[in-house]
Amino acid sequence: MFFFRMIFRSFSRQFKRRLLIAVTVCLSATVSVAMLGVVFDVGDKLNAELSTYGSNITVQPKADAVVNDLYNTEGDANSNASGTSESDPTTFLKESDAPKIKTIFWAFNITNFAPELNIHADVNCASESVDSSSCKASGVPIVGTWFAKTLHMDSGESTVAGMNGMRSWWKLDGSWPKDDSAQGLIGTTLASKLGVTKGDTVTLYKTTADGSRNKQRIAITGIYDSGDSDNNAMYIPSSTAQVLANLPDSIDKIEVKALTTPDNDLARKASKNPNALTQDEWETWYCTAYPSSIAYQIEEVIPGSVAKQVRQVAALQGDVLQKTQAVMVLMTVLSLVAAAIAVANLMAASIGERGSELALLKAIGATDGAVSRLMLAETAVISLVGAIVGALLGSGVAQIVGHVVFGSGITMRPMVFVLVFVLLTLTVLIASFSSIRSILGLKPAEVLHGR
């Protein structure tokens, strides 16, 4: 009861210094909770943000992947026939196998995917009775794909996949085509060349492998601007492209957008040769959402395929994540250091002003340990109040950061609050160390006689 009475009396004195300690701890707790809260949640937020700019895994027939490796012909993840090849593919995957991507272990991390059949065709936007040389183009890249296809899985769940969610950065004048229809999109460059506008109809002509000449009329529902060479292409439903090219159930590429964990040494080792992993490494790698482990699982369910992560996107995600986390951790450390310095100075000044009071306590029989515990208890109570208020403010600041930067709230994990309170406890103890040493060196006789 003695210590509690002393603490109560102490609160009535030196109010300003105690308030400054509480404010200092509060500000440090606010910054620490906000920054660490974002750090623990920023991985998924950044991956979701960066994944809006394209796929991070591509799936190809095994033969094509071998050729790409041999001749280094692999293009950008978001390119298609318009930017990578002037010839039609010769090896294919089955379109009917594409939905199996949603059956892998990390199915819920697959946010979208779209199969592609990249072919070339001649385009004539004039009517059959009129021949207009200004409205023709040969060897136009045609991408047969899904736009917003609803898939019904064997598990009873449904999912929507297609380019509608894969090309969020496109500027679209018009509307997306319907799947399994005679509709399509045309790039701004090609539309300008042909003089086509939305609502027009063009005719595609394709000479197939057996020598027949197929044609297909396509109603243009929109004109897109991708900002790259993709503007020279047309996008039509995959079923329509397969009929035009006489390639039923055929695709030559699948773009996959997945939420992934940035690569580390284990992931890089596995990407070179998964068979070189130990059993424990294998289980850790396979059960972590690395791009390489998701790609490996896709290969397991799609026969004859090779799935590869897009190195540029994966590297960007890891680099941005690491730098963002480093900045936030640095801000947390700096706030704790500043709090330690401020608390140490304030406690030193407080002990200097209260020297007579502390000397009197020692003179009437209080031990060094009792006086030290008194000061620590007082500082702990003040710091606890500041830490609780700071934790609440920090949670609010984290939500503001989340909504301003990522457009969604931050999930505050209990670990964040535990970690911050532990760090603040250590900070206050370190800051109090020099002040406690001065108490131990306090000599009552000299202080009370004004020496």
(request) Would you confirm whether Thr240, through its side chain, and Ser181, through its main-chain N or O, come within 3.5 Å as a donor-acceptor pair? (result) yes
(request) Check step by step if side chain to side chain contact (heavy atoms under 4.5 Å, CB included) holds for Met153 and Ser158. (result) CA-CA 6 Å; Met153 314 304 294; Ser158 297; over 6 Å; no
(request) Measure the shortest side-chain to side-chain distance between Met412 and Ile410 over non-hydrogen atoms and say whether it is less than 4.5 angstrom. (result) yes
(message) Which heavy atom of Ala391 sits nearest to which heavy atom of Ala29, and what is that distance?
(response) N-CB, 4.1 Å
(request) Report yes or no: do Trp285 and Ser292 form a side-chain donor-acceptor pair below 3.5 Å? (result) yes
(message) Between Leu190 and Met234, is there a side-chain heavy-atom distance shorter than 4.5 Å?
(response) yes
(message) What I'd like to find out is whether the side chain of Val33 reaches to under 4.5 Å of the side chain of Leu392, using heavy atoms alone.
(response) no
(message) Using side-chain heavy atoms (C-beta onward) and a distance below 4.5 Å, is Val140 in contact with His120?
(response) no
(message) Under a 3.5 Å distance rule, please check whether Thr24 uses its side chain to pair with a backbone N or O of Ala339 as donor and acceptor.
(response) no
(message) Tell me if the centroids of the rings in Tyr235 and Phe147 come within less than 6.0 Å of each other.
(response) no
(request) For Lys94 and Ile251, run side chain to side chain contact (heavy atoms under 4.5 Å, CB included): C-alpha distance rounded to whole Å, both residues' side-chain angles, the deciding distance at 0.1 Å, then the answer. (result) CA-CA 6 Å; Lys94 290 184 178 181; Ile251 54 174; over 6 Å; no
(message) Working to the nearest 0.5 angstrom, can you tell me the gap between Phe421 CZ and Ile388 CD1?
(response) 5.5 Å
(message) Tell me if a side-chain donor or acceptor on Asn56 pairs with a main-chain N or O of Ala258 at a distance below 3.5 Å.
(response) yes
(message) Using side-chain heavy atoms (C-beta onward) and a distance below 4.5 Å, is Leu336 in contact with Ser32?
(response) yes
(request) Enter the distance from Met35:CE to Ser335:OG here, rounded to the nearest 0.5 Å. (result) 9.0 Å
(message) If I take atom CD from residue Glu116 and atom OG from residue Ser238, how far apart are they, to the nearest 0.5 angstrom?
(response) 10.5 Å
(message) Looking only at the side chains, is there a donor atom on one of Gln60 and Ser305 sitting less than 3.5 Å from an acceptor on the other?
(response) no
(request) Salt-bridge test for Glu157 and Lys102: reply yes if a basic N is under 4.0 Å from a carboxylate O, no otherwise. (result) no
(request) For side chain to side chain contact (heavy atoms under 4.5 Å, CB included), just list the numbers for Leu266 and Leu277, CA-CA rounded to whole Å, side-chain angles, deciding distance to a tenth of an Å, and then say yes or no. (result) CA-CA 9 Å; Leu266 174 61; Leu277 301 178; 3.9 Å; yes
(request) Nearest 0.5 Å please: distance from the CZ atom of Arg413 over to the CG atom of Leu36. (result) 12.0 Å
(request) Kindly say whether Lys257 contributes a backbone atom to a donor-acceptor pair with the side chain of Thr111 at under 3.5 angstrom? (result) yes
(request) For the residue pair Val143 and Leu117, establish whether any side-chain heavy-atom pair is separated by less than 4.5 Å. (result) no
(request) Give a yes or no answer on whether the side chain of Asn232 reaches the backbone of Thr189 with a donor-acceptor pair at less than 3.5 Å. (result) no
(request) Please determine if Glu299 and Lys308 form a salt bridge, counting it only when a charged side-chain N lies under 4.0 Å from a carboxylate O. (result) no
(message) So if I apply the ring-ring contact (aromatic ring centres under 6.0 Å, His included) rule between Tyr296 and each of Phe105, Trp282, Tyr290, which one comes out positive?
(response) Trp282
(request) Keeping the roles fixed (side chain from Asp173, backbone from Gly222), state whether a donor-acceptor pair exists under 3.5 Å. (result) no
(request) Measure from the side-chain N and O atoms of Lys149 to the backbone N and O of Ala114, and report whether any donor-acceptor pair falls under 3.5 Å. (result) no
(request) Output yes when a side-chain donor or acceptor of Ser192 lies under 3.5 Å from a complementary backbone atom of Thr188, and no otherwise. (result) no
(message) Can you tell me how far apart CD1 (Ile186) and NZ (Lys198) are? Round to the nearest 0.5 Å.
(response) 14.0 Å
(message) Could you check whether any side-chain N or O of Asn109 sits under 3.5 Å from a backbone N or O of Leu259, counting only pairs where one atom can act as donor and the other as acceptor?
(response) yes
(request) State whether a side-chain donor-acceptor pair under 3.5 Å links Trp176 with Gln183. (result) no
(message) I'd like to know if the side chain of Gln309 and the backbone of Ser271 have a donor-acceptor N/O pair within less than 3.5 Å.
(response) no
(message) Contact between Thr260 and Trp106 at the side-chain level, heavy atoms closer than 4.5 Å - yes or no?
(response) no
(request) List the steps, then state whether side chain to side chain contact (heavy atoms under 4.5 Å, CB included) holds for Leu185 with Leu172. (result) CA-CA 9 Å; Leu185 298 178; Leu172 181 62; 3.8 Å; yes
(request) Check the side chains of Thr278 and Asp280 for a donor-acceptor pair under 3.5 angstrom, ignoring hydrogens and angles. (result) no
(message) Less than 4.5 Å apart, side chain to side chain, heavy atoms only: is that true for Ile294 and Ile104?
(response) yes
